[in-house]
Amino acid sequence: MKYNAVRNCAVGRLFASVLAVAVCSSAAKAGATDGVTFRDIATDAGSGLDYARQESPRDALFDALKAQPVLLFSEAPMIPMKSHGAPGVVIFDYDGDGDQDMYVTNGPGAPNALFANQLQESGTLAFIDVAGSAGVAAVDLDGTGACFGDIDNDGDEDLYVLGTGMPNRLFENDGAGAFIEISAGSGTGGGDLNPSGCSMGDVNGDGLLDIVVANTWSSWNDRFEIFDAFGDIEHNQLFVNEGNNVFVDRSATSGIRDLSGFPPELKGSAGITWAIAMVDYDQDGDADIVMVDDQGEVLDPAHGGFDRGMIHLMQNDGTGTFTDVNVEAGLNRVGAWMSLSFGDLDADGNMDMFVTNLGDYMFTLVPRPFPYTLGSFASRWFLGRSDGSFSDPGVGTLLATPFGWGGIMTDYDNDGDTDIIYQGGLDVGPFVEASNPGVVLRNNGAAGFEYDLDALAGSTNHSRRNVQGVAGGDLNNDGFVDIVSVSSFDMPEPLPLVPYNVDYGSANDASAFFFPSFTPVSASEFVWNGMEPVDGSLSVEISSAGNGNHWASVRLMGTVGLTSRGRVNRDAIGAVVRFTPEGGKAVMRPVLGGASYASQDSLVVNLGLADAHKGTLDVLWPGGVRNRFYGLHASEQLVLPEIPCSYDADWNSRHSYRHCVTRALKELSRAGKLGYGLRKRLMKSAMRAFAEARRPDADDDSSDDAGRPGLSRRDRHHRSKKHHRS
């Protein structure tokens, strides 16, 4: 047998006693304050957001188990994984009209949805589902995650959609509001695997977006691999863009399959990866890969097992070859890791990450067969250090955190620091983990967080939604980030939510519930209670934007193919933005091609200024070039192009740097990508940055150099860089 029957029997007895708790209704939440709050418009008449996530075919297997006279607890691994599906959502401007649209995956027999935002057309936030006419309905696909990016650098967003047990789909945007499927010819199908998420980025610095895919195990018709150490688990995949929309599978040769932290006898094994991201975590100008794996029911080393669920940090050598440095970085920490998001939480200039986890509450029902330490499976943040490692500060005054799938880092209240938002519900078969009512964690500016219980108090009760994908973006162009989430199924009234009845001292205790799908009739036997959830839903929570804080937003544009020296993909995916409001602390926003579970945020970078009226923007572009823009004003919404002339490079003279910048700006103007006013501001900022990066006596303008650039920071770095190695 692939699981520990003795352990499951013990768990079954405890589970039976807990499920005997009386049904309880949710506690009322406090009313909203003057802070930022959210309102769900998905059910509003006229919103156009008609979506229902239909069940996957494997739900029939679960129905057969429900129909049995009794379900033995030892049969729990036979329950299908995510039988109602695993939908994701991306926020992107697919039609290039200046507002953000949404793509949401669905199950076979139901079309995926492409909700075209009508803000620019009508002045009203409303949507039209155009998936059918746009060619991305993918009705036969059991859709999971999705990600997007301009894979051919033609100025529009292409779309990559994942499905369980069938090849993935790549859709090329034709620039006229429709897509053409190019999966077979592109080499990105990936086989009949079971992926959960994807991310785009440029791994080899050629200006073309590559795709990395997070895979799980061979079949979601059961969940044996959750209990089995390394059963039929699938390796992750890397598809490298060769140009002309053709990709080559470099999974086996790139190093992404060489995972650290396993015992020697398991070298070469794969993990169950729920989320994956390409991100320049060490800010050296290339795209690294972070992937988070699930420990499942495998015991950890402290209790006779070994680490399986870890955060793998694949460091890029600049050529698309990766080394897993998770042990050296301090990320070989056991968890049921589910999602990723990145930013600078403590304003120290290093990139931090937030990773969702199993949470503290469900161990009340299904504990490990050893004493549980509060916080050991909490959703948590890791703080980056200057040497490339990470510290785990714990969750502080939160004390306990709920389960989570998708999550984002964003300054939701525009007060100038980086906050965290995440949601999620877990269907384990006999019960549904519903402890997450929608978590908003407000940062005190130094990576100390508190629950903002008021932010979602007037919105949808996410405890009744089995949320999967979560993404963020400004849908109504008011400068405040909105939240989009999609669930695999919902539990409407009168289906009961039962309180965990724990007292961790956490503000989340009062909203920690579960839904009992089965009723215990003995210590190890259960009977389905006959209550069926309904199809999953879409939630579009719009920020009230009412606290008076200032904001600005930028959309970065790489200039490969537009300027003679341009190296960066058109979407600037992989860039790292640092913004310092006047008188404030610097915040960080990496431009990501996917990180949240099964989902991707908008590429528009929203920046909070609090009460400042302007600030300074620094951009580290893929490849290592640095640009600086002074005087980004409150309420500005700018498209800032790559100027392929790094102000901190080893230039021969001020003249040579100025020549490089002038040439790039002229080329962008001729291409129709840059207006006169912004061109002047970019030129002025570039020369000021050049001067401020040097001592006054080093500013030599006497050379006759014709504009040959010096070495970029990345070039200098890769000449001397010593990567973490075991």
Side-chain angles (χ1 to χ4, degrees), residues 81-82 86 88 144-147 160 162-165 168 190-191 193-201 203 210-220 223 225-226 228-239 249-252 254-262 266 268-279 281 287-298 307-315 322 324-326 331-342 353-358 379 404-407 424 426 468-469 592-600:
M81 189 68 186
K82 296 178 180 284
T144 55
C147 54
Y160 189 59
L162 310 177
T164 55
N168 304 320
L193 303 182
N194 292 272
S196 55
C198 56
S199 184
M200 293 190 184
V203 301
D210 312 302
I211 305 172
V212 67
V213 179
N215 290 314
T216 56
W217 66 90
S218 58
S219 173
W220 286 7
R223 57 184 75 197
E225 274 66 27
I226 295 292
D228 187 17
F230 287 94
D232 297 324
I233 298 176
E234 301 162 340
H235 277 287
N236 299 329
Q237 295 167 294
L238 174 63
F239 300 103
D249 189 341
R250 303 291 187 197
S251 310
S254 64
I256 67 165
R257 293 183 174 180
D258 302 325
L259 305 182
S260 295
F262 296 150
L266 293 171
S269 296
I272 297 172
T273 305
W274 291 119
I276 199 161
M278 288 198 202
V279 59
Y281 86 95
D288 309 296
I289 297 175
V290 185
M291 41 203 191
V292 291
D293 290 356
D294 190 350
Q295 185 74 8
E297 291 297 315
V298 176
D307 292 342
R308 177 176 75 170
M310 291 175 282
I311 303 169
H312 293 284
L313 185 59
M314 314 302 296
Q315 190 177 63
F322 298 87
D324 188 359
V325 297
N326 73 326
L331 294 175
N332 57 328
R333 190 189 189 289
V334 171
W337 308 113
M338 308 294 182
S339 186
L340 284 160
S341 52
F342 299 88
M353 69 175 78
F354 174 74
V355 194
T356 58
N357 202 348
L358 203 58
S379 298
W405 280 117
L426 180 64
Q468 305 285 300
L592 302 178
S596 177
Y597 171 79
S599 302
Q600 182 175 340

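Being a predicted model, the structure only gives us computed values, none of them experimental.
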Assess whether side-chain contact (heavy atoms from CB on, under 4.5 Å) is satisfied between F262 and D307, documenting all intermediate values. CA-CA 6 Å; F262 296 150; D307 292 342; 5.6 Å; no

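Counting heavy atoms from C-beta outward, I276 and Q237 have side chains that stay 4.5 Å or more apart. In this structure, V203 and R250 have side chains that are not in contact, with every pair of non-hydrogen atoms separated by 4.5 Å or more. The closest side-chain heavy-atom distance from I272 to D293 is not below 4.5 Å. The shortest distance between side-chain heavy atoms of V213 and Y160 falls below 4.5 Å. Here the side chains of K82 and T144 are not in contact, with every heavy-atom distance at 4.5 Å or above. V279 has its side chain within reach of L592: a pair of non-hydrogen atoms, C-beta onward, lies under 4.5 Å apart. The shortest side-chain heavy-atom distance between W217 and M81 falls under the 4.5 Å cut-off. Looking at heavy atoms from C-beta onward, L340 lies in side-chain contact with V355 at the 4.5 angstrom threshold.
Side-chain atoms of S339 never come within 3.5 Å of backbone atoms of T356 as a donor-acceptor pair (strictly under, hydrogens ignored). Within the 3.5 Å criterion, the main-chain N or O of N215 finds no donor-acceptor partner in the side chain of S196. When atom types are taken as modelled, the side chain of S269 and the backbone of L266 share a donor-acceptor pair closer than 3.5 angstrom. At distances below 3.5 Å, not a single donor-acceptor pair connects side-chain atoms of Q295 with backbone N or O atoms of G335. At distances below 3.5 Å, at least one donor-acceptor pair connects side-chain atoms of W337 with backbone N or O atoms of R333. E225 places a side-chain N or O within donor-acceptor distance of the main-chain N or O of D232, the cut-off being under 3.5 Å. No side-chain donor-acceptor contact under 3.5 Å links H235 to the backbone of I256. When atom types are taken as modelled, the side chain of N357 and the backbone of A336 share a donor-acceptor pair closer than 3.5 angstrom. Judged by distance alone, with hydrogens and angles left aside, the side-chain atoms of D324 form a donor-acceptor pair with the main-chain N or O of S260 at under 3.5 Å.
Note that CG of L259 is 4.5 Å distant from NE2 of H312, once rounded to the nearest 0.5 Å. Here the CG-CZ distance, from D210 to F239, works out to 11.5 Å after rounding to the nearest 0.5 Å. Between I311 atom CD1 and N332 atom CG the span is 9.5 Å, to the nearest 0.5 Å. Here D249 contributes atom CG and L238 contributes atom CG; the two are 7.5 Å apart, rounded to the nearest 0.5 Å. Atom CG of L426 and atom CD of Q468 lie 8.5 Å apart (nearest 0.5 Å).
Nearest heavy-atom pair, A275 versus Y597, reported as atom, atom and distance to 0.1 Å: CB-CA, 4.4 Å. In plain terms, the two heavy atoms of L313 and N326 that are nearest each other are N-CB, 3.9 Å.
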